[in-house]
Enquirer: 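There's a structure below that I have some questions on.
Note that the structure is predicted; figures quoted are calculated from it, not measured. Below, each value reflects all heavy atoms present in this structure, side chains not excepted, and no hydrogens, waters or symmetry copies.
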Amino acid sequence: MTDRLETMALLVAAIDAGSLSAAARQIGMPLATLSRRISDFEAALGAQLILRSARGLSLTEAGEAYAATCRRLLEDIAEADLRAKGEFRSPRGKLTITAPIVFGRLHVLPVAMDFLRTYPEVDLQMELADRNSDLLDEPIDLGVRIGRSKAGIDRIGIR
């Protein structure tokens with residue numbers, strides 16, 4: 001099982017790096033070894049996950065779905081490991097927030113600064129934009145939006 005999880009991590013690293021050679025450099029693994037591990041993994045699955053070309057990697061349809069699942073599994077395992085070690089006693093990690101520009105500067109930013117003073121191990125990134133972000137497809141943890149509800153009541157929405 002460990003070998004399978006390790007190969008999933010190698011696959012995700014290659015996808016993130018954009019090429020096998022870039023991933024091999026980042027991981028510190030010979031290119032031939034990385035390429036063989038992924039090829040053997042695809043053969044064992046009976047599915048081609050990535051398309052290799054001189055310009056880098058692209059995912060097949062099966063590869064996109066499989067990579068998304070691998071990411072979730074690897075994140076869940078990493079979180080379980082941290083919980084077991086007691087790492088969640090204080091918030092840490094990356095937190096991405098999006099908010100409208102003016103509202104974000106006036107209201108969200110001061111609250112975020114107080115939060116960072118309390119929890120300095122959090123890497124807070126704010127995306128201030130007046131466009132609606134797709135909170136499911138974009139790497140955003142919190143979206144703040146203002147608007148009028150159907151009942152005509154002003155509200156602030158937090159997801």
Side-chain angles (χ1 to χ4, degrees), residues 1-20 22-29 34 38 41 45 47 49-51 56-159:
M1 184 62 121
T2 302
D3 188 48
R4 183 180 191 132
L5 292 174
E6 184 180 313
T7 305
M8 287 177 173
L10 293 174
L11 175 69
V12 169
I15 292 165
D16 290 346
S19 73
L20 290 175
R25 280 190 303 275
Q26 289 174 0
I27 297 166
M29 177 181 281
L34 177 60
I38 292 175
F41 191 61
L45 286 173
L49 303 174
I50 57 175
L51 300 171
L57 301 176
S58 61
L59 292 171
T60 63
E61 189 174 322
E64 285 185 32
Y66 196 82
T69 301
C70 286
R71 284 182 201 284
R72 281 193 307 276
L73 287 171
L74 294 168
E75 287 171 4
D76 287 349
I77 290 167
E79 184 175 322
D81 289 348
L82 291 173
R83 284 189 190 281
K85 292 181 205 174
E87 292 286 325
F88 286 116
R89 292 190 184 120
S90 176
R92 63 183 60 161
K94 183 178 173 185
L95 175 64
T96 304
I97 299 174
T98 181
I101 296 170
V102 174
F103 185 84
R105 283 185 184 150
L106 293 176
H107 301 287
V108 179
L109 189 57
V111 173
M113 296 307 293
D114 287 342
F115 178 84
L116 285 175
R117 279 190 281 282
T118 305
Y119 303 105
E121 293 183 44
V122 173
D123 174 19
L124 181 68
Q125 296 186 0
M126 288 192 60
E127 178 184 309
L128 299 179
D130 289 330
R131 69 175 178 84
N132 284 332
S133 303
D134 187 339
L135 299 177
L136 297 178
D137 288 337
E138 295 182 41
I140 296 172
D141 301 305
L142 173 69
V144 180
R145 293 293 174 255
I146 348 174
R148 190 167 288 282
S149 70
K150 291 180 182 175
I153 301 168
D154 288 336
R155 66 185 176 139
I156 297 174
I158 299 178
R159 180 182 183 282

Enquirer: Could you pull out all residues at least two apart from Ala65 that satisfy side chain to side chain contact (heavy atoms under 4.5 Å, CB included)?
Expert: none
Enquirer: Please, which pairs that meet side-chain hydrogen bond (donor to acceptor under 3.5 Å, both in side chains) have at least one residue in residues 108-119, sequence neighbours excluded?
Expert: Asp114-Arg117
Enquirer: What pair of heavy atoms forms the shortest contact from Cys70 to Val12, and how long is it?
Expert: CB-CG2, 3.9 Å
Enquirer: Quick one: list whatever passes side-chain hydrogen bond (donor to acceptor under 3.5 Å, both in side chains) with Arg25, sequence neighbours left out.
Expert: none
Enquirer: Return the minimal non-hydrogen interatomic distance between Leu57 and Ile15, and the atom names on each side.
Expert: CD1-N, 4.2 Å
Enquirer: Quick one, Phe41 and Leu10 - any side-chain contact, counting heavy atoms below 4.5 Å?
Expert: no
Enquirer: Could you tell me the separation between the CG atom of Leu142 and the CG atom of Leu124, rounded to the nearest 0.5 Å?
Expert: 9.5 Å
Enquirer: Going by side-chain hydrogen bond (donor to acceptor under 3.5 Å, both in side chains), name the residues that satisfy it together with Thr69, two or more places apart in sequence or in a different chain.
Expert: Arg72
Enquirer: Looking only at non-hydrogen atoms, find the nearest pair between Leu34 and Leu20 and report the distance.
Expert: CD2-O, 3.4 Å
Enquirer: Mind checking the CG-OG1 spacing from Leu45 to Thr7? Nearest 0.5 Å is all I need.
Expert: 9.5 Å
Enquirer: Taking Pro100's backbone N and O only, do any of them form a donor-acceptor pair with Asp130's side chain (distance below 3.5 Å, no angle check)?
Expert: no
Enquirer: If the condition is side chain to side chain contact (heavy atoms under 4.5 Å, CB included), which residues does Leu128 pass it with, not counting sequence neighbours?
Expert: Ala99, Ile101, Arg105, Met126
Enquirer: Does the side chain of Val122 come within less than 4.5 Å of Pro91's, by heavy atoms?
Expert: yes
Enquirer: Please check if the side chain of Thr60 supplies one atom and the backbone of Leu49 the other of a donor-acceptor pair under 3.5 Å.
Expert: yes
Enquirer: Would you compute the distance between atom CD1 of Ile146 and atom NE2 of His107 and round it to the nearest 0.5 angstrom?
Expert: 7.5 Å
Enquirer: Can you list the residues that meet the salt bridge (charged side-chain N to carboxylate O under 4.0 Å, His left out) rule with Glu61, with sequence neighbours excluded?
Expert: none
Enquirer: Does Ala13 have any side chain to side chain contact (heavy atoms under 4.5 Å, CB included) partners at least two apart in sequence or in another chain, and if so, which?
Expert: Ile27
Enquirer: Going by side chain to side chain contact (heavy atoms under 4.5 Å, CB included), name the residues that satisfy it together with Glu138, two or more places apart in sequence or in a different chain.
Expert: Glu127, Arg131, Ser133, Asp134, Ile140
Enquirer: Just wondering, do Phe103 and Arg145 contact through their side chains at under 4.5 Å, heavy atoms?
Expert: no
Enquirer: My understanding is that only residues two or more places apart in sequence, or in another chain, count here; which of them pass side-chain hydrogen bond (donor to acceptor under 3.5 Å, both in side chains) with Asp16?
Expert: Arg71
Enquirer: Over all heavy atoms of both residues, which pair between Gly104 and Pro110 is shortest? Give the atoms and the distance, please.
Expert: O-CD, 4.4 Å
